[in-house]
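See below for the structure under consideration.
In listed order, ligands and their atoms are each counted from 1. Side chains included, hydrogens not; waters and symmetry mates left out as well; all remaining heavy atoms used.
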Amino acid sequence: MKVIIGSDHAGYQMKEKVIAHLRQRGVEVEDVGTHGEESVDYTDFGKKVASKVSDASFDRGILICGTGLGMSMVANRFRGVRAARANDLFSAIMSRRHNDSNILAMGGRLIGDTLALQLVDTWLDTPFEGGRHQRRLEKMDTE
Ligand code: RB5
């Protein structure tokens, strides 16, 4: 599985920990930045990640800003992207089982690193259930 990850300054520290964790797990991960704690616009990094999930260059994306809100809003404007803001385990699990989420957005100012790594692992490992949920997803892109 190929994963692409990005953050703004508010998610930078957490992003670095997630990247180290993913590489330890043997997951191929591309880091689009940001690369420090200087203030940047979350929109720029959200777009970099979401565009590459949208065009299928990557299987999954992970976005981290202060709350996960701005990043998920940006990402969900891209066709084929289903970004889930999940700062709790139940949301992360259900976003995979029922919504086949392909981007996980987390809030670096809301949750601790231990929970973030648990969210990432759970989200990567939980399969989509398909069936009636597939039908519902297909209706997302129609009027
Ligand atoms: C940056 O201050 C903050 O607005 C950003 O990280 C994010 O939480 C936006 O939704």
Side-chain angles (χ1 to χ4, degrees), residues 1-130 133-134 136-143:
M1 182 186 295
K2 282 172 66 184
V3 175
I4 186 165
I5 187 167
S7 76
D8 70 358
H9 52 287
Y12 168 70
Q13 292 289 352
M14 183 176 283
K15 174 173 68 67
E16 296 304 296
K17 297 200 171 89
V18 170
I19 291 169
H21 178 72
L22 288 174
R23 290 190 172 141
Q24 205 168 25
R25 260 188 70 152
V27 176
E28 190 184 334
V29 53
E30 169 102 357
D31 179 10
V32 303
T34 189
H35 299 295
E37 293 189 274
E38 189 182 326
S39 182
V40 292
D41 297 339
Y42 63 83
T43 33
D44 297 335
F45 298 90
K47 284 178 174 179
K48 283 179 202 256
V49 166
S51 61
K52 294 293 182 188
V53 172
S54 179
D55 72 11
S57 303
F58 288 83
D59 306 299
R60 303 274 192 94
I62 298 173
L63 287 168
I64 311 173
C65 60
T67 57
L69 286 168
M71 285 295 203
S72 58
M73 289 178 191
V74 171
N76 277 318
R77 291 177 168 233
F78 286 74
R79 192 160 194 88
V81 165
R82 293 176 301 279
R85 175 193 181 238
N87 291 314
D88 65 277
L89 282 168
F90 187 68
S91 298
I93 291 167
M94 296 313 290
S95 81
R96 289 290 313 135
R97 283 187 189 164
H98 286 195
N99 313 113
D100 197 18
S101 62
N102 49 17
I103 291 186
L104 172 67
M106 301 185 290
R109 289 174 175 160
L110 288 182
I111 59 173
D113 294 336
T114 304
L115 176 55
L117 300 186
Q118 282 181 331
L119 288 168
V120 167
D121 281 341
T122 304
W123 181 74
L124 288 177
D125 295 341
T126 302
F128 177 48
E129 285 178 2
H133 303 296
Q134 179 62 39
R136 291 166 185 167
L137 292 190
E138 284 163 12
K139 288 184 177 181
M140 282 189 184
D141 291 327
T142 56
E143 294 300 317

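At least one N or O atom of Gly66, backbone or side chain, sits closer than 3.5 Å to an N or O atom of ligand 1. Some N or O of Gly70 is nearer than 3.5 Å to an N or O of ligand 1, by distance alone.
Atoms of ligand 1 found under 4.0 Å from any heavy atom of Tyr42, numbered from 1 in the order shown, are 9 (C). The contact set between ligand 1 and Ala10, taken as ligand atoms under 4.0 Å from a residue heavy atom, comprises 6 (O).
Under 4.0 Å from ligand 1, heavy atoms of Cys65 appear from its side chain as well as its backbone. With a 4.0 Å heavy-atom cut-off, ligand 1 is reached by the backbone of Thr67 and by its side chain too.
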Subject >> Chi angles and distances behind the side-chain contact (heavy atoms from CB on, under 4.5 Å) call for Phe78, Asp55 >> reply: CA-CA 9 Å; Phe78 286 74; Asp55 72 11; over 6 Å; no
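Protein heavy atom in closest approach to atom 5 (C) of ligand 1: Asp8 OD2, 3.2 Å.
In this structure, Lys52 is not positioned above the aromatic face of Phe58 in the sense of NZ or CZ being under 6.0 Å from the six-membered ring centre and within 45° of the axis.
A donor-acceptor contact closer than 3.5 angstrom links the side chains of Glu37 and Gln13.
Heavy atoms of Arg109 come nearer than 4.0 angstrom to ligand 1 in at least one pair.
Using a 4.0 Å threshold on non-hydrogen atoms, atom 10 (O) of ligand 1 counts as touching the protein.
Between atom CD1 of residue Ile103 and atom CZ of residue Arg82 there is a gap of 10.0 Å, rounded to the nearest 0.5 Å.
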Could you tabulate the donor-acceptor pairs under 3.5 Å formed by side-chain atoms of residues 61-72, not counting sequence neighbours?
unit_1: Thr67; atom_1: OG1; unit_2: Leu69; atom_2: N; d: 3.0
unit_1: Ser72; atom_1: OG; unit_2: Gly68; atom_2: O; d: 2.9
unit_1: Ser72; atom_1: OG; unit_2: Leu69; atom_2: O; d: 2.9

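The side chain to side chain donor-acceptor pair (under 3.5 Å) analysis of residues 38-51, with sequence neighbours excluded, yields no pairs.
Among Thr34, Ile19, Val40, Asp31, the single residue meeting the side chain to side chain contact (heavy atoms under 4.5 Å, CB included) criterion with Ser7 is Thr34.
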